[in-house]
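What follows is a short report on a single structure.
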Amino acid sequence: MNHLADLVDALPPGRVLTDPDVTGSYARDQTFLPPGKPLCAVTAESREDVIATLRWAAEHRVPVVPRGAGTGLAGGATAVDGCVTLSLTRMTAIRELSPADEIAVVEPGVITADLDRAARAHGLMYAPDPSSYEISTIGGNLATNAGGLRCVKYGVTRDSVLGLEVVLADGRVLATGRRTMKGVTGYDLTGLFVGSEGTLGVITEATLRLRRAPETPPATFAAEFPSLRSAGDAVAAIIAAGCRPSLLELMDRNTLKAIDDWKNIGLEPGVRAMLIGQSDDGRPGAAERMAELCEENGAGFVATSSSPEETEELIGIRRLAYSAKERLGACLVEDVCVPRSALPRMISEIEAAAERHGVLICTVAHAGDGNLHPVFVFDRDLPEPPPHVWAAADEVFRAALALGGTLTGEHGVGVLKRRWLELERAPVAGEMERGIKGVFDPLGIMNPGKAI
């Protein structure tokens with residue numbers, strides 16, 4: 001296209017990529033969804049690169065699909081035909097890290113775990129820790145309002161965001177929020193952009209809240225259960241007892257078997273579920289109390305540890321879950337969330353859907369906050385899940401909503417969940433959201449076909 005030369009001229013050399021083999025590598029995320037064919041990819045290295053790209057796109061009405069590391073699981077970063085795929089992974093500066101104010105100011109391409117490591121050098125930590133934290137970027141986490149293993153105590157990404165710099169669809173720059181711990185001036189535009197999945201603008205800087213890192217190593221427990229339902233009952237008992245876990249993760253038998261087949265973790269035949277929990281507040285006996293509640297709810301084996309090496313080994317098992325399931329076939333990865341009291345019932349609903357439709361479902365959960373990840377495994381030679389898998393997924397989504405839950409706790413709507421969106425969203429809410437989209441993106445060029 002002739003006007004593409006204008007974009008090349010507007011950016012420093014090497015920023016615009018047009019080779020189909022190269023642009024194809026920027027066109028998809030971790031889902032099975034086939035991407036569209038991008039017009040080009042732009043590898044932005046500065047706010048000015050993003051401004052120039054969006055000004056050009058608005059002038060020529062070309063869709064723009066922002067992306068980070070491509071670790072998303074809902075199709076939010078998949079390319080559409082004729083789009084500019086705008087990669088932010090080269091914007092990797094930690095511009096400021098202030099121990100006095102307990103904040104960091106970062107660019108969107110910073111790897112999540114790298115920010116945490118930088119903070120810990122000052123006795124602080126960056127709390128959000130999605131399972132992909134070693135490869136996912138802050139920008140992608142912001143776009144999807146990512147969660148993680150520590151959500152049960154520290155909240156999701158939105159709870160650690162104080163302010164943003166956003167380039168709007170027409171190239172204007174918007175500053176939102178603040179760098180203070182408190183502030184109620186005006187509407188919460190910062191919260192609006194977190195979780196907007198690139199449909200309203202492109203985040204080029206974030207002011208993030210840091211927290212004091214625990215002074216002592218966290219105490220950890222692992223409990224094995226004869227049924228998934230009994231593990232869910234133990235989670236409910238831990239929460240009801242007022243325990244304050246910093247991590248509470250649940251894995252079903254199918255997930256554990258996939259990990260065992262790969263890494264030989266010594267899985268016993270009668271183990272149907274494992275619960276891994278952690279306390280980082282330094283209170284004596286906190287992990288032991290949670291372990292006792294597991295035993296009272298049917299755990300056949302419980303072990304506790306405060307050794308950093310053993311703790312990392314236990315948490316490492318949980319972080320292997322997704323990669324282990326990928327070895328079984330293609331995966332439809334979902335993340336329904338229900339009220340914590342409804343977790344045992346939701347687990348039963350997932351098991352029933354798997355049996356009714358003959359589908360292999362591997363379930364892990366951020367159990368302390370009711371966020372379940374049922375992963376529907378299907379033949380990797382198929383271009384998309386077969387009808388019986390979609391039918392099982394439909395039942396799971398409807399069950400979550402019937403229990404007062406939501407379609408997504410942290411992955412986002414993207415493309416995968418749009419078919420169910422109106423089941424959760426009230427008509428008035430949909431009208432308001434479309435109105436907001438029209439204000440920020442009147443031409444409809446920002447990540448079209450996603451999220452709303």
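Index from 1, following the sequence.
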Would a distance-only check, ignoring hydrogens and angles, find a side-chain to backbone donor-acceptor pair under 3.5 Å from Arg425 to Glu433?
no
Does either side chain, that of Thr144 or that of Glu410, offer a donor lying less than 3.5 Å from an acceptor on the other one?
no
Of all heavy-atom pairs between Cys331 and Phe32, which one has the smallest distance, and what is that distance?
O-CD2, 3.9 Å
Distance only, no hydrogens: is a donor on one side chain within 3.5 Å (strictly under) of an acceptor on the other, for Lys257 and Asn254?
no
Stepwise, does the side chain to side chain contact (heavy atoms under 4.5 Å, CB included) test hold for Leu360 with Val375?
CA-CA 8 Å; Leu360 175 60; Val375 177; over 6 Å; no
Checking Lys325 side chain against Val333 main chain: does a donor-acceptor pair fall under 3.5 Å?
no
With the side chain counted from C-beta on, respond yes when Leu142 and Val161 share a heavy-atom pair under 4.5 Å apart, and no when they do not.
yes
Going through the checks in order, is the side chain to side chain contact (heavy atoms under 4.5 Å, CB included) test met by Cys294 and Glu224?
CA-CA 9 Å; Cys294 289; Glu224 297 176 347; over 6 Å; no
Please determine if Arg419 forms a cation-pi arrangement with Phe397, meaning its NZ or CZ atom is less than 6.0 Å from the six-membered ring centre and no more than 45° off the ring axis.
no
Counting heavy atoms not belonging to Arg340, are there more than 12 under 6.0 Å from its CZ?
no
Would you find a donor on one side and an acceptor on the other, under 3.5 Å apart, between the side chain of Arg418 and the backbone of Val413?
no
Under a 4.5 Å cut-off applied to non-hydrogen side-chain atoms, are Val338 and Leu372 in contact?
yes
Counting only heavy atoms not in Glu288, do more than 12 fall under 6.0 Å of its CD?
yes
Can a donor-acceptor pair be found, under 3.5 Å and without considering hydrogens, that links the side chain of Thr311 to the backbone of Pro308?
no
Would you say Glu96's side chain and Ala104's backbone share a donor-acceptor pair under 3.5 angstrom?
no
Please determine whether side chain to side chain contact (heavy atoms under 4.5 Å, CB included) holds for the pair Trp390 and Glu384, giving the CA-CA distance in whole Å, both sets of side-chain angles, and the decisive distance to 0.1 Å.
CA-CA 10 Å; Trp390 283 124; Glu384 68 168 280; 3.0 Å; yes
Provide the closest heavy-atom pair for Thr220 versus Ala287 in the form atom of the first, atom of the second, distance.
N-CB, 4.3 Å
Between Glu165 and Thr204, does any side-chain donor sit less than 3.5 Å from a side-chain acceptor?
yes
Might you confirm whether atom CZ of Arg319 has over 12 heavy atoms from other residues, nucleotides or ligands at distances under 6.0 Å?
yes
Would you say the side chain of Met91 lies within less than 4.5 Å of the side chain of Thr137, judging by non-hydrogen atoms?
no
Under 3.5 Å donor-acceptor, Arg158 side chain and Ala146 backbone
no
Can a donor-acceptor pair be found, under 3.5 Å and without considering hydrogens, that links the side chain of Thr78 to the backbone of Pro35?
no
Using a cut-off of 6.0 Å, state whether more than 12 heavy atoms not belonging to Glu355 lie near its atom CD.
no
N-O pairing of Arg272 and Glu351 below 4.0 Å:
no
For Phe301 and Phe225, I'd like to know if the aromatic rings sit close, meaning centre-to-centre distance below 6.0 Å.
no
CA sep, side-chain torsions, deciding dist, call: Leu250, Leu228, side chain to side chain contact (heavy atoms under 4.5 Å, CB included):
CA-CA 9 Å; Leu250 176 65; Leu228 198 55; 4.2 Å; yes
Residues Glu395 and His357: side-chain donor-acceptor under 3.5 angstrom:
yes
Do Phe378 and Leu328 make a side-chain contact, defined as non-hydrogen atoms from C-beta onward lying under 4.5 Å apart?
no
Ser279 side, atom OG; Leu247 side, atom CG - distance, nearest 0.5 Å:
10.5 Å
Give a yes or no answer on whether the side chain of Ser98 reaches the backbone of Asp101 with a donor-acceptor pair at less than 3.5 Å.
yes
Short question: side chain of Asp129, backbone of Leu149 - any donor-acceptor pair under 3.5 Å?
yes
Candidate pair Tyr154 and Tyr126, rule ring pair (Phe, Tyr, Trp, His ring centres under 6.0 Å), full reasoning
CA-CA 10 Å; Tyr154 297 105; Tyr126 179 63; over 10 Å; no
Could you give the distance from OG (Ser305) to CD (Glu309), rounded to the nearest 0.5 Å?
8.5 Å
Separation between CG (Asp252) and OG1 (Thr363), nearest 0.5 Å, reads 4.5 Å
In plain terms, say whether Asp280 and Lys153 are close enough for a salt bridge, that is, a side-chain N and a carboxylate O under 4.0 Å apart.
yes
Mind checking whether Arg253 and Leu267 have side chains closer than 4.5 Å, heavy atoms only?
yes
Just verifying a value: how many Å separate His388 NE2 and Phe376 CZ, rounded to the nearest 0.5 Å?
11.0 Å
Indicate the atoms forming the closest heavy-atom contact of Thr157 with Asn145, along with that distance.
N-OD1, 3.6 Å
Between the side chains of Ser230 and Asn297, does any donor sit under 3.5 Å from an acceptor?
no
Taking all non-hydrogen atoms of both residues, which atom of Ala143 and which atom of Gly198 are closest, and how far apart?
CB-N, 4.4 Å
Would you name the heavy atoms of Ser348 and Arg229 that are closest together and state the gap between them?
OG-NH1, 3.0 Å
Spacing of CZ belonging to Arg345 relative to CD1 belonging to Ile350, to within rounding of 0.5 Å:
12.0 Å
Side chain proximity check, Ile103 to Leu97, heavy atoms < 4.5 angstrom
no
Taking every heavy atom of Glu102 against every heavy atom of Met181, the minimum-distance pair comes out as O-CE, 4.3 Å
Find the distance between CG (Asp335) and CG (Asn371) and round it off to the nearest 0.5 Å.
5.5 Å
Do the side-chain N and O atoms of Thr112 and Asn141 include a donor-acceptor pair separated by under 3.5 angstrom?
yes
Does atom CZ (Arg244) have a neighbourhood of more than 12 heavy atoms from anything else shown, all under 6.0 Å?
no
I want to check something: taking the side chain as every heavy atom from C-beta on, are Tyr26 and Leu86 in contact at a cut-off of under 4.5 Å?
no
Within a strict 4.5 Å, meaning less than it, do heavy atoms of the Arg318 and Leu314 side chains meet?
no
Report the relative orientation of the aromatic rings in His373 and His366; use parallel for angles under 30°, tilted for 30 to 60°, perpendicular for over 60°.
perpendicular
For the side chain of Ser136 and the backbone of Ser132, is there at least one donor-acceptor N/O pair under 3.5 Å apart?
yes
Looking at Asn447, Leu192, Asp441, Val439, which one forms a side-chain contact (heavy atoms from CB on, under 4.5 Å) with Leu200?
Leu192
Between Lys450 and Glu197, is there a side-chain N and carboxylate O pair less than 4.0 Å apart?
no
